Student: 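What follows is a structure written as structure tokens; I'll ask about it next.
What you see is a predicted model; the values in this text were computed from it and never measured.
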Amino acid sequence: MRTRPVEQRTSQVIGVASLFCDNSFNAAVFAGMHRAARERGYKLLVYYGSPRTALERGLGLHHIAGWIAMYSTDGLEELTSGGAPAVIFCAPAFDPRCPVVRAENHESIRRLVDHLVGLGRRRIAYIGKATSGDFVERGAAFDEALRARGLEADLNLLSSFHECSILYAEKRLGELLDRDGRFCDAIVAGNDEMAIGAIRAIQARGYRVPGDIAVVGFDDISLAQHCEPPLTTMRQSPELLGLMAVELLAGLLAGRPPPRPVTRVPAELVVRRSCGSAAWDAGLLAPEELDAPGGDWQRDLAWRLNAVLEGAAPAPPGDRPLVWPEAEVIARGLGAALAGAEPPEVAELERAFDGAVEHSDRIEVLLAVVGQIEETAAALAGGSAPAGAAGAVETFLGRARLAQQRALAASERRGARSIERLVRANMAITGLLASRQVCTDDRLGWLKHTAVRVGCLALWADDRGPAGRELILDSVHTGDPGVAALVGRRYKAGHFPPPELFDAAAPDEPGGHVVLVPVAGAQRDWGTLVLGGLYTESFADNLQPLSMWVSLLVAAFEHHAMEDALHAERDMLAAAYERERALSSTVRELGCPVIPLLPGVLLISLTGAIDASRAQQITEAVLSGVAREGARWVLLDVTGVPLVDADTAAALVQTAQATRLLGARVSLVGVGPAMAQRMVSLGIELQGISIFQSLAAAISHLTRRRPG
């Protein structure tokens, strides 16, 4: 892989090729990446797919200064063959010039195993996705950790799991439990989603978590603390992982070599009840060691509130950043009340509790936080508090309780609104499938139910431009008139998306990156969906079904394409039917031609078999010809008729009778010996019809009868 000289860089865009986009972990990763990119003067363009997908589609390649390949390096060597530097995110290394950023898997798994062994667990299983580099690395660390403690590592089930979702893990582990029963007393899962699926499978079969089987995970996603029981896990910092990836790439673009081949981001053990213990269950932290008023007890209280909220082992203040820095507002408020001053208003305290609820909205934890405040207030109020302090403290505690409840209720309302938006979005796009809107004038109407700032749909042009494939900007979802004016424009694949879309995505905001999502099915690549202005929380809340929505869009396109093809085929068949009718009419006319042979004499030459429909046609043709020409004699030439049977004879007799009513006679011409013999054998009597063996005989007879 060649490295391009940094002075030749003409772009300020970092390309990120990610196999996964629509989950909360990656949303946080992208937020960290975007923040770091913005600080260094770069924009972020996220491709939903592998590096090879980005290369084959060719979108935006002219923009990219360097690449971050997330979870897969497939196609990265070809993608960077022009000299663009690259960083690998949570995937194995393939080139020493491409540094790797990933979690500290070995030490993290060792700590999880140590924790379980310390709780008396001995039959420990590992589950993970067999095709993921991180899961494989964690599986190897699991084997090492068990062997180091003299335990059997025979329950490494990595090869038995091929997906890392909640539903798949629940189904697959359930199958193993049904087959083998309680084959282990603890499970280490490669990520939290698999751990949550494992908990569901265990409980569905009547086993207890953690009583019968303890479960631990990895990542500490938001669901980890909300499942039942709450999940013990290794807390990663996805924002820090994303920031480190951009920092390394920025260094490469500046000409600095990577500091090391692999940069490991440490994780933190968070103990909850899924393995048999949880810090917040152990009771409140004793206030005896708090400094006296006038000392630094407020800082200590803020630290203790963070420790209760976090459910982590206490650590000296200042040893690590606070997960709830707004706790200082609570501590200062209590300090004001103890001094006899007016405590903060409920609104100010509610804003402070918003931070606590954002970290944990579990009622037990939040009640423990309020309990810690009450215990501290009780311990400090009995000293040399000024007059009136007791009333101020009681007012403060009442406001704090109310603020905590309001913050929790507001969080629940936000969650309900998020779910409502999801439901509306799903209903909207499902409605598109049942209509032709997605193929007419409102293809992106469903985006109004998400928090996406700007979206557009660009479709591949049917004709190739002189420089290769081009995209036509088909439709937009935006309040920016400048972006709306782009509809209908064509762009070379390598120059898409246009700068206006980057600007509309608000790159100065934390979620201002742009995501390119392929709109492609098994049979056809339709184009790409562009999404911008994705705030971290709204991305996680509103775009988790992104893959499903795009699949539905593709299904809608394919459905309506098939419908159009069926309509075209129907029109083609209708046109063919009309042509067939016209041809049939012509054939029928040719099969019964009316020829004026002599004055007052018509010749009708019949060819082919005569059925009921043909007999009716002959009768109509004879009568029409007699009336039109004023004929007195009609010669029916049956030389080309292969067979005269009773039905044919009856039809000829009927024609002759109808013709006589118009004052004309009918004669059969071309009755040979075989036909005559056949008519005799059938007993056919052609009353009132004269018969001639040939046309010449008929003409000779008629000319002899004509005067002069």
Student: Applying salt bridge (Lys or Arg N to Asp or Glu O under 4.0 Å), name anything that partners K171, two or more places apart in sequence or on another chain.
Tutor: E175
Student: Indicate the atoms forming the closest heavy-atom contact of A91 with Y71, along with that distance.
Tutor: CB-C, 3.7 Å
Student: If the condition is salt bridge (Lys or Arg N to Asp or Glu O under 4.0 Å), which residues does E558 pass it with, not counting sequence neighbours?
Tutor: none
Student: What are the two closest non-hydrogen atoms of P51 and A17, and how far apart are they?
Tutor: N-CB, 3.8 Å
Student: With heavy-atom distances below 4.5 Å as the criterion, would you say the side chains of T528 and V519 are in contact?
Tutor: no
Student: Would you say that H513 contacts V515 through its side chain, given a criterion of any heavy-atom pair below 4.5 Å between the two side chains?
Tutor: yes
Student: Identify each donor-acceptor pair in which a side-chain atom of residues 484-491 lies under 3.5 Å from a protein atom, sequence neighbours left out, and give them as a table.
Tutor:
from : atom 1 : to   : atom 2 : distance (Å)
R490 : NE     : E470 : OE1    : 2.8
R490 : NH1    : D463 : OD1    : 3.3
R490 : NH2    : D463 : O      : 3.3
R490 : NH2    : E470 : OE1    : 2.9

Student: According to ring-ring contact (aromatic ring centres under 6.0 Å, His included), does anything in residues 636-669 pair up with another residue at least two apart or in another chain? List the pairs.
Tutor: none
Student: Within the side chain of R665, is there an N or O that forms a donor-acceptor pair under 3.5 Å with the backbone of R660?
Tutor: no
Student: What distance separates L459 CG from W526 CH2, expressed to the nearest 0.5 Å?
Tutor: 8.5 Å
Student: Where do L457 and F557 come nearest, in terms of heavy atoms and distance?
Tutor: CD2-CZ, 3.7 Å
Student: Report the residues that fulfil ring-ring contact (aromatic ring centres under 6.0 Å, His included) with Y168, sequence neighbours left out, ordered by chain and then residue number.
Tutor: none
Student: Surrounding CD of E578 (heavy atoms of other residues, nucleotides or ligands, distance under 6.0 Å), is the total greater than 12?
Tutor: yes
Student: Taking the side chain as every heavy atom from C-beta outward, state whether L602 and L635 have any pair of such atoms under 4.5 Å apart.
Tutor: no
Student: With a 4.5 Å cut-off on side-chain heavy atoms, are H477 and V454 touching?
Tutor: no
Student: Taking salt bridge (Lys or Arg N to Asp or Glu O under 4.0 Å) as the test, write out the residues that go with D571, two or more places apart.
Tutor: none
Student: Residues two or more places apart in sequence or in another chain: which of them pass side chain to side chain contact (heavy atoms under 4.5 Å, CB included) with E78?
Tutor: R52, L55
Student: H495: which residues meet the ring-ring contact (aromatic ring centres under 6.0 Å, His included) condition with it, sequence neighbours left out?
Tutor: H62
Student: How long is the straight-line distance from CD1 of I166 back to CE of M194, given to the nearest 0.5 Å?
Tutor: 11.0 Å
Student: Pairs of donor and acceptor atoms involving the side chains of residues 688-698, under 3.5 Å and at least two apart or interchain, shall be tabulated with distances.
Tutor:
from : atom 1 : to   : atom 2 : distance (Å)
S690 : OG     : S667 : OG     : 2.3
S694 : OG     : A697 : N      : 3.2

Student: Looking at R57 and D525, is any side-chain nitrogen of the basic one under 4.0 Å from a carboxylate oxygen of the acidic one?
Tutor: yes
Student: Is it the case that D637 and T639 place a side-chain donor and acceptor less than 3.5 Å from each other?
Tutor: yes
Student: Please find the pair of heavy atoms, one from F502 and one from L44, that lie closest to each other, and give the distance.
Tutor: CE2-O, 4.2 Å
Student: Tell me whether N26 contacts the main-chain N or O of V29 through its side chain, where contact means a donor paired with an acceptor under 3.5 Å.
Tutor: no
Student: With sequence neighbours left out, write down each residue that passes salt bridge (Lys or Arg N to Asp or Glu O under 4.0 Å) with E569, or none if nothing qualifies.
Tutor: none
Student: Please list, chain by chain and in numerical order, all residues satisfying ring-ring contact (aromatic ring centres under 6.0 Å, His included) with Y48, sequence neighbours excluded.
Tutor: none
Student: For A130 versus S159, what's the shortest heavy-atom pair and its separation?
Tutor: CB-CA, 4.3 Å
Student: Using the test ring-ring contact (aromatic ring centres under 6.0 Å, His included), find all partners of W460 that sit at least two apart in sequence or belong to another chain.
Tutor: none
Student: Quick check: closest heavy atoms across I618 and T655, and the distance to 0.1 Å?
Tutor: CG2-OG1, 4.4 Å
Student: Check whether any side-chain heavy atom of E193 sits under 4.5 Å from a side-chain heavy atom of C164, and report yes or no.
Tutor: no
